[in-house]
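One structure is given here, and the rest of the page talks about it.
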Number of protein chains: 2
Amino acid sequence: MRIDADRGAAVRNNARMRISARADYAVRAALQLAAAEDAGPLKAEAIAADQDISHKFLEGILGDMRRGGLVQSQRGGNGGYWLARPAATISVADVIRCVEGPLVSVRGERPPDLSYTGPAESLLTLWIALRASVRDVLGVSLAELAAAKLPAGIVALADDPEAWTNP
Amino acid sequence: MRIDADRGAAVRNNARMRISARADYAVRAALQLAAAEDAGPLKAEAIAADQDISHKFLEGILGDMRRGGLVQSQRGGNGGYWLARPAATISVADVIRCVEGPLVSVRGERPPDLSYTGPAESLLTLWIALRASVRDVLGVSLAELAAAKLPAGIVALADDPEAWTNP
DNA sequence: TGGTTTTCCTACCTGTTCGCTCGGTTTCCC
DNA sequence: GGGAAACCGAGCGAACAGGTAGGAAAACCA
């Protein structure tokens with residue numbers, strides 16, 4: 001009579017730091033543009049094919065990046081997209097913020113807007129530290145990432161074999 | 001004729017590392033329990049009042065924590081909740097994972113399940129580093145946090161005044 | 001001048017999650 | 001047995017995620 005098998009843990013497979021498809025695609029597209037820096041504009045269609053992204057969806061993302069001032073574009077026969085600034089001056093954080101807003105929020109608000117009482121008083125400090133840490137990692141530039149030359153600090157973090165294991 | 005005022009940036013106020021109400025409440029409740037360690041059980045109602053959380057909503061969260069083995073409970077007149085293990089052995093990450101699943105995911109998958117091609121090849125390493133960094137910060141224990149005795153590394157991160165400013 | 005290519009824009013769609021609320025059912029202790 | 005709690009599940013409105021569809025506007029070509 002064991003219907004108990006799948007008890008407990010009402011499957012919540014959402015993660016808190018969730019890099020959405022949108023953000024992931026944006027970064028990958030930006031990396032393609034970085035790799036093709038001063039080699040002329042890249043067409044959305046080509047990026048979509050290379051990175052296996054829905055073309056129309058990607059167009060929307062590139063539009064956000066253009067409005068955010070990260071890329072520029074040109075229509076017509078030999079048009080396309082290119083980075084508005086050198087790849088070395090654009091960080092992954094810039095890209096994500098551009099298409100998704102703030103990197104870190106707590107209950108929809110930015111950490112400095114919160115206040116905690118009682119034993120939770122230091123919680124704010126923790127969220128701030130978390131944000132600083134995320135900013136630090138995502139501060140890596142498109143140029144570094146596209147060239148596979150990550151800063152030592154990042155490499156050190158990823159070098160720990162434990163970092164590659166799931167909970 | 002300036003209707004342009006609020007152009008660009010089609011208001012996406014969601015953040016990528018979003019600590020949900022659920023997670024925030026869970027940690028705060030856990031901190032109350034940590035502060036009341038070996039002082040008898042705490043009622044959900046009392047925690048809710050202290051931390052200004054909807055009582056019924058909190059009950060659901062505490063239920064998750066019980067099923068996850070983080071807290072224990074007792075019904076009846078002088079019942080309530082208490083931590084199942086010493087506060088020094090429970091991390092904030094434990095609490096968040098318990099009520100919300102994995103800390104970090106990319107497009108709904110855990111980082112090690114992904115693969116990238118072309119100029120995006122090092123992106124996986126970056127996500128792994130990000131996860132390691134988040135794990136590190138959230139590895140702080142309830143005991144440390146409730147006592148406002150954060151590890152030096154965390155304090156150092158939060159000490160930078162820039163960490164407190166928004167983008 | 002017209003045709004092609006590409007970006008650009010607006011609207012829509014389906015499923016899921018978030019943050020709750022409500023109403024009850026057990027279990028515990030006195 | 002009577003209160004006081006913890007438990008359980010359903011439901012609900014709003015927002016978001018991850019797209020799709022269809023066309024208009026610009027740049028270039030012949």
Side-chain angles (χ1 to χ4, degrees), chain A residues 4 7-16 18-26 29 33 40-49 52-68 71-82 99-102 105-109, chain B residues 7-16 18-26 28-29 33 40-49 52-68 71-82 99-102 105-109:
Chain A
D4 284 340
R7 263 296 205 65
V11 201
R12 208 174 277 278
N13 18 348
N14 284 333
R16 250 21 253 161
R18 71 162 76 157
I19 305 297
S20 64
R22 206 179 169 74
D24 185 53
Y25 294 168
L33 295 177
L42 242 50
K43 302 187 203 314
E45 178 69 52
I47 301 175
D52 196 36
I53 301 172
S54 148
H55 167 223
K56 287 297 242 173
F57 191 37
L58 179 60
E59 268 193 355
I61 295 168
L62 286 167
D64 282 352
M65 289 204 259
R66 181 179 47 83
R67 278 183 291 273
V71 307
Q72 291 183 323
S73 58
Q74 172 104 338
R75 310 197 214 201
N78 41 3
Y81 297 87
W82 62 95
V99 302
E100 296 229 322
S105 75
V106 178
R107 264 160 49 229
E109 305 198 73
Chain B
R7 265 294 207 65
V11 201
R12 207 174 278 278
N13 18 349
N14 283 334
R16 250 19 256 161
R18 70 162 75 159
I19 305 298
S20 65
R22 203 177 173 76
D24 186 52
Y25 294 167
R28 280 153 67 188
L33 294 178
L42 241 51
K43 302 185 203 314
E45 179 69 54
I47 301 175
D52 197 35
I53 301 173
S54 149
H55 166 222
K56 288 297 242 173
F57 190 38
L58 179 60
E59 268 193 354
I61 295 168
L62 286 167
D64 283 352
M65 288 204 259
R66 182 180 46 84
R67 279 182 290 273
V71 307
Q72 291 183 323
S73 59
Q74 172 106 337
R75 310 199 213 200
N78 41 3
Y81 297 86
W82 62 94
V99 302
E100 296 227 320
S105 73
V106 179
R107 267 161 43 230
E109 306 199 73

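Each chain gets a letter, A, B and so on, in the order its sequence line appears, and its residues count up from 1. In this text, all values refer to a predicted model and were calculated from it rather than measured experimentally. Because only heavy atoms are used, hydrogens play no part in the values below, and waters and symmetry mates are left out as well, while side chains stay in.
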Can you tabulate the close N/O pairs, meaning under 3.5 Å, that link protein atoms to atoms of nucleotides 2-6 of chain D?
from  : atom 1 : to    : atom 2 : distance (Å)
D/dA5 : OP1    : B/K43 : NZ     : 3.4
D/dA6 : OP1    : B/A44 : N      : 2.7
D/dA6 : O3'    : B/S73 : OG     : 3.3

Query raised in the report: Are side-chain heavy atoms of A/I61 and A/I53 found at a separation under 4.5 Å?
Result: no
Query raised in the report: Is there a side-chain polar atom (N or O) of B/R107 under 4.0 Å from OP1 or OP2 of D/dG19?
Result: no
Query raised in the report: So, is A/S54 close to the D/dT20 phosphate, meaning a side-chain N or O under 4.0 Å from OP1 or OP2?
Result: yes
Report summary line: Whole-Å distance, B/D64 CG to D/dC7 P, equals 12 Å
Query raised in the report: Is there side-chain contact between A/L42 and A/Y81, with at least one heavy-atom pair below 4.5 Å?
Result: no
Query raised in the report: So, is A/R16 near the phosphate of C/dC18, with a side-chain N or O under 4.0 Å from OP1 or OP2?
Result: yes
Query raised in the report: Rounded to the Å, how far apart are A/R22 CZ and C/dT16 C1'?
Result: 17 Å
Report summary line: From CZ of B/F57 across to C1' of C/dG23 the rounded distance in Å is 18 Å
**Report entry** Side-chain touch B/S20/A/R107, heavy atoms, less than 4.5 angstrom
**Finding:** no
**Report entry** d(CD, B/E109; P, D/dG18) in whole Å
**Finding:** 12 Å
Query raised in the report: Just by distance, do the side chain of A/K43 and the backbone of A/G77 share a donor-acceptor pair under 3.5 Å?
Result: yes
**Report entry** Min side-chain heavy-atom separation A/L58-A/E45 under 4.5 Å
**Finding:** no
Query raised in the report: Are any side-chain N or O atoms of A/R16 and backbone N or O atoms of B/R18, one a donor and one an acceptor, separated by less than 3.5 Å?
Result: yes
Report task. In whole angstrom, give the distance that lies between atom CD1 of B/I19 and atom C1' of C/dC18. Result -> 15 Å
Query raised in the report: Which of the following nucleotides, D/dC16, D/dG18, C/dT17, is nearest to the side chain of A/R18?
Result: C/dT17
Query raised in the report: Between B/Y25 and C/dC20, does any side-chain N or O lie under 4.0 Å from OP1 or OP2?
Result: yes
